[in-house]
Amino acid sequence: MKPEKEPEVIDLAQRRKALQAREAAAKAAREKAERMARSGGSVIGGRKHAGWILLAVVLVLLALYVAPRFF
């Protein structure tokens, strides 16, 4: 005759919390992937007009550097 196994006590609240944590992590990963897909995964960030802003900053800095040479 086999020895009987000790009955295990399962904490359902703990399992429920673990399941919710896994689902939340999966949801966060999906949302992050969607944000990266919308932004195109660009180097300059997820802002829609980041390229234009960067171009404007570069032009202003270039003007500040070049303009005093002509005056």
For residues 60-67, which side-chain N or O atoms pair as donor and acceptor with protein atoms under 3.5 Å away, sequence neighbours left out?
{"unit_1": "Tyr65", "atom_1": "OH", "unit_2": "Arg69", "atom_2": "NH2", "d": "2.8"}

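Note that CZ of Arg16 is 11.5 Å distant from CD of Gln14, once rounded to the nearest 0.5 Å.
Lys27 meets the side-chain contact (heavy atoms from CB on, under 4.5 Å) test with Arg30, Glu31; sequence neighbours excluded.
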